[in-house]
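Note on naming: letters A, B, ... go to the chains in the order of the sequence lines (proteins, then strands), and numbering restarts at 1 for each one.
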Amino acid sequence: MLSFRQWAGNVWNGLKTTFTGLSITVPYIFRKPYTLQYPEEVPEIPTTERGLHNFEVDLCIACDQCAKICPVDCIAIEAEGKGKFARMTKFEIDYTKCLFCALCCEPCPTECIHMGPTFDLVGYTREEVIINYADRENPRTFSDGEKLPYEIVSFARK
Amino acid sequence: METIQGVKLNEGERAAPVLPRDIQSDELVFNMGPQHPSTHGVLRLMLRTDGEVVLEAQPLIGNLHRCCEKILENLTYVQGLPYVDRMDYLGAINMEMGLVLPVEKAAGVEVPKRAQYLRVVMCELNRVISHLFAAGQFGLDMGAFTPFLYMFREREEGINVLNEITGGRLLYHYIRYGGVTRDVPKGWIERCLKWCDRVDEHMDEYNSLLTYNHIFLNRTCGVAVLDKETCLDYGVTGPILRAAGVPRDLRKDMPYSCYEDFDFDVPVGPFEKGVAGDSWNRHRQRLREAEESIKIIRQALKNLPEGETQHPKVTRAWKAPAGEAYVASEAPRGEISAYFVSDGGKFPYRMRMRGPSFYNIAVLETCSRGLLIGDLIALMGSVDITLGEVDR
Amino acid sequence: MGIDAIVWWLFAAVSVVGSLFAVLSPSIVRAVFSLLLAFGGVAGIYAVAGADFLAILQIVVYVGGVLVLIAFGILLTGRTAQALGEHEVKNRPLGILIAAGIFIGLLGALMKSSFKIGGNATNEPTTEAIGKLLLGDYIVAFEFASVFLLMALIGAAYLVRREEA
Amino acid sequence: MILAEVVPLSAKLAVLMADFVGASPIWIFHAIGSLIVAVGVLALVVTPVGLGGVYLERKLAGRMQNRSGPNRVGPYGLLQTLADGVKLLAKEDIAQEGADLPLFRMAPYIVFLAAFAGFVVLPFAPGVIAADLDVGIFYFLALIGLETIGIVMAGWSSNNKWSLLGSMREVAQVVSYELPLGISAMVPVIAAGTMSVYGITEAQSGHIFNWFLLKDGYWAIVMIPSFLVFYVSSLAAAKRAPFDLPEAESELVAGFHTEYSGMRFGMFFLPEYAVMLSLSGITTALFLGGWHDPFGMSGEGGTFHNVWWWGLIWFFLKATILFLSQILLRWTLPRLRVDQVMYLCYKVLLPISMVCLVVAAAMRLI
């Protein structure tokens, strides 16, 4: 059983902590919101972001290294010719599978594949998020064309 | 020993007064989840209740099962690393740590000091983020929406800090065998310290808005008590065990990755209110641990040694020599560890992960008997499981 | 027939229809909710008769209290099959007989008393008069009733108390 | 619109109609007049204010949580509620299999009716009241009980166990908060000597120390506790946090309206705000002097004595402040547990209100 003192203490505590809570939440009404209005205001993406790939088809020699290291086999490469004269016909990345682990960028001998800061890719069907970077008629790129500083210190390029 | 409606209760299992036995009413069978606001993922609970009083709650898991360990056994060493991020997606770096440590021990790889420090910084950053999320989520379960968003705000900034160095916001893929992916960029240390200050500043706000609120205290103090013995019996680890009064923290007890260099406390329940191992103490434990983690981050960044961040021998095509090892480490939700066997081949021969949430979820069944539905939510919120790691 | 008489008949019809639903509905839950109509109709009759306090009281006590408690009781009982309308009626003839007997008795009492339908309804407040009557002329009966209710309350609390182990 | 004379609008209409039609009992015209005014109030005052209330809640909640709240539809997101209403109208009306269809369909109407009928006895300004019932407060409490029936009906007929649990909680909550709500409302009734809400407001005519909250100074010792009790119970009556148990999102999915969609859901959603508003209004009328301003300008002989627009401003100002406080509390506090609500109502609010009632009666006698 509660004594009257405890009872009154409970009531007092309830009122007091309610006002403590209000004294924290109410001042926020007069502060600037923290949120970004996304399509208008774009958040600052660090250059290290592992977003959608930035692929330079002209540099690629179709060596298949990136497809081999991919843990989920989301890269499909087809090329005509061999070695120096290779001509890409298909470089397809399946973004329904991609882990965005950036392992594919590391073994590339010509540094033609990077991950850029673009983080959104939408489509109505699965096919729309399977992207063929080697499609010359309908080129897709997810950066402004500049090469992003992708500094991997560890066992990249070894 | 007390019984309600044929269900035997252990000491401390009953938190709320129940109906007297002479009022007999029918039992309801609820299907809580996989789509329910507070099952935190695709957990399904079969509830047998008498009105509001839960007689039995059986967690049915496996909706997210994807054979994580088997996948690891069929991928090369490098390829496996991004996969473990997907286990506990709220403490991804700690999951990588749990995988990397036994493999390195079995192979005898000595990780450079700088890489070890960086690993510690990232793990602790991730722990703070995870605890902020858990505490906010718990408030949300208790009906307080606002503290959740305040904690999310700091969490978001922490994610940005992590993103700057790792390149990911949730699934980091930062730790590699023999080191870490990237070194610290310019100005990052200052930004990280600034974030630490910010979290410290706001900790009071969370506490007075949520932790010490009278209603919140009444909702959580003495509710769903998981005492020492139950915790130890069920192999419960992490903040839940420490809130129950067992000072077990692998960072202190079996230091790995240079944790012995840092000066930090292991907070142990019970704290100011409630009894050891109740929902409130679990919540308080997380916020206290976040404070301690920030201490560690500050020390590690202050004393960051110079040097390499990657073991020179461990390259992309590296294979672990034949051997086996088991190493446990402290993830935000408890002990993450792996038993690793290598036959010297391209793939790991055997990989077995021990995830904390999988063991923590087991207590739901015993601890939930006799609780009200509102208390069951308090129990689930304060136990804080990640289904990605339970189901693996 | 004056306009108030029409309204009276309307409310009377509502309460009768509500009561009939309550008696004849196979689903207990629907029966309970059709009591809402019956109580509402009775409240309407009170209002037409100028007894505004009584009309509101009817809604507060019967709809807000009694009906809610009956609904609560039904939700708590385990007889979901009956609540869903799968019960069978036993002893229907006996029930009809008793109901008819009560009806005839009430009809006789009604015939003997002189009720007027409508006509004398005023818009004057009755609260004060009721209060004065209850705490003036009928104070003994009022107090007796309240003591009786208190006894019932204590008895109920005694019945549902927890057995000492 | 000339409303300077203090005669309820409905009574005026009744007199007009009675003159037009001729001999017939006057109360029937009173009833019709009340109905017309009620519909007018519903269309012109309550619905816009209710929509505004929804907007205000969302915007304030956003700002309290360091977000911006609705800001896309119209300037500052003002049309957001309207857009949501249109969306609800356009949505499919789904009833789940096994639902008790007649009850399922009827429940929202009962809730809607009960919530909006409460505005009938609110005295917005001198002479502006839909129906000045002699048992106004009683009527108001009766309607809150009626709303409960609708909610129980919805919860039962949904054929969903979460809904059932929600309606059980609602019933448990109703039987506990109704007592302190009713008893603490009786304190101003004792002070004013009438149960008519209009009469109670008139009894508080004059400056701030004529308001019941601070009446003559010494009345405050019973009035402030009973005001607090009434306020807390009215939060429970409006099913607002920390008393939002019947629809507790994290526990019961959406409680009694889990299975409702489209406009039927809207008919649960909008009444929530209507009940909040009408409860704020009745609290204003009972304790905070209704339409009277704190400076005594609307009192006997004041500049704005019986000026309807002056009263309207003050009434809405006070009611809005109470409404806002409900929103602020909701977004600050966690939810109570079901047995704690009963503890609060039976062991905290009820004794306080009982003591206040007895003391107030004694003060009235002395």
Side-chain angles (χ1 to χ4, degrees), chain A residues 9-29 31 33-36 43-51 65 68-74 98-108 114-117 119 148-158, chain B residues 71 74-76 78-83 85-86 115 144 146-147 149-150 152-153 156-157 160-161 163-169 171-173 175-185 188 204-206 208-210 212-218 308-318:
Chain A
N10 265 340
V11 174
W12 170 246
N13 263 335
L15 284 172
K16 198 180 78 181
T17 51
T18 304
F19 281 106
T20 316
L22 284 175
S23 72
I24 290 166
T25 51
V26 171
Y28 271 105
I29 298 174
R31 285 188 208 163
Y34 181 80
T35 41
L36 285 177
E44 239 181 81
I45 305 291
T47 48
T48 46
E49 166 84 11
R50 302 196 309 262
Q65 293 265 25
K68 266 182 201 148
I69 201 163
C70 181
V72 287
D73 300 332
C74 71
C98 183
L99 285 176
F100 294 96
C101 61
L103 278 175
C104 50
C105 312
E106 292 171 13
C108 184
H114 304 276
M115 294 196 109
F119 53 84
L148 289 157
Y150 187 81
E151 14 165 323
I152 291 177
V153 187
S154 68
F155 41 55
R157 329 252 179 255
K158 270 181 189 163
Chain B
I71 290 175
N74 287 292
L75 290 174
T76 60
V78 179
Q79 284 180 333
L81 277 163
Y83 261 104
D85 279 349
R86 270 85 185 156
T146 307
L149 282 164
Y150 289 172
F152 233 66
R153 182 185 60 206
E156 171 71 24
E157 292 198 344
N160 283 341
V161 167
N163 188 9
E164 226 173 301
I165 188 163
T166 62
R169 287 175 54 83
L171 308 163
Y172 305 103
H173 188 207
I175 296 175
R176 306 258 171 126
Y177 296 112
V180 293
T181 317
R182 285 201 192 102
D183 205 346
V184 180
W188 185 85
D204 278 349
E205 190 180 278
Y206 311 145
S208 40
L209 182 55
L210 184 68
Y212 292 103
N213 183 287
H214 191 66
I215 297 176
F216 185 77
L217 281 171
N218 273 317
E308 280 286 303
T309 59
Q310 175 72 25
H311 192 280
K313 291 271 170 57
V314 183
T315 59
R316 204 166 48 245
W318 177 76

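Considering only heavy atoms from C-beta on, H214(B) comes within 4.5 Å of N10(A) through its side chain. The shortest side-chain heavy-atom distance between L149(B) and Y34(A) does not fall under the 4.5 Å cut-off. Residues R169(B) and F100(A) fail the side-chain proximity criterion, which asks for heavy atoms closer than 4.5 Å. With a 4.5 Å cut-off on side-chain heavy atoms, I24(A) and Y206(B) do not count as touching.
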Inset, instruction - Evaluate side chain to side chain contact (heavy atoms under 4.5 Å, CB included) for Y212(B) paired with N13(A), printing each intermediate quantity in order. - result: CA-CA 10 Å; Y212(B) 292 103; N13(A) 263 335; over 6 Å; no

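Of all heavy-atom pairs spanning R50(A) and T166(B), the tightest one is NH1-O, 3.0 Å. Taking every heavy atom of both residues into account, P71(A) and L75(B) meet most closely at O-CD2, 3.7 Å. Looking at every heavy atom in both residues, Q79(B) comes nearest to C70(A) through NE2-O, 3.4 Å.
Annotation: the span from T35(A) atom OG1 to R153(B) atom CZ amounts to 11.5 Å, rounded to 0.5 Å. Rounded to the nearest 0.5 Å, atoms CG (L210(B)) and OG1 (T17(A)) are 11.0 Å apart. Note that OG1 of T18(A) is 5.5 Å distant from CD1 of I215(B), once rounded to the nearest 0.5 Å. In this structure, K68(A) NZ and T76(B) OG1 are separated by 12.5 Å, a value rounded to the nearest 0.5 Å.
Residue S208(B) touches chain A through both its backbone and its side chain, counting heavy-atom pairs closer than 4.5 Å. Using a 4.5 Å cut-off between heavy atoms, Y172(B) touches chain A through its backbone atoms (N, CA, C, O) alone. Both the backbone and the side chain of L209(B) come within less than 4.5 Å of a heavy atom of chain A.
Taking L217(B) as the reference, C221(B), K273(B), W280(B) meet the side-chain contact (heavy atoms from CB on, under 4.5 Å) condition, with sequence neighbours excluded.
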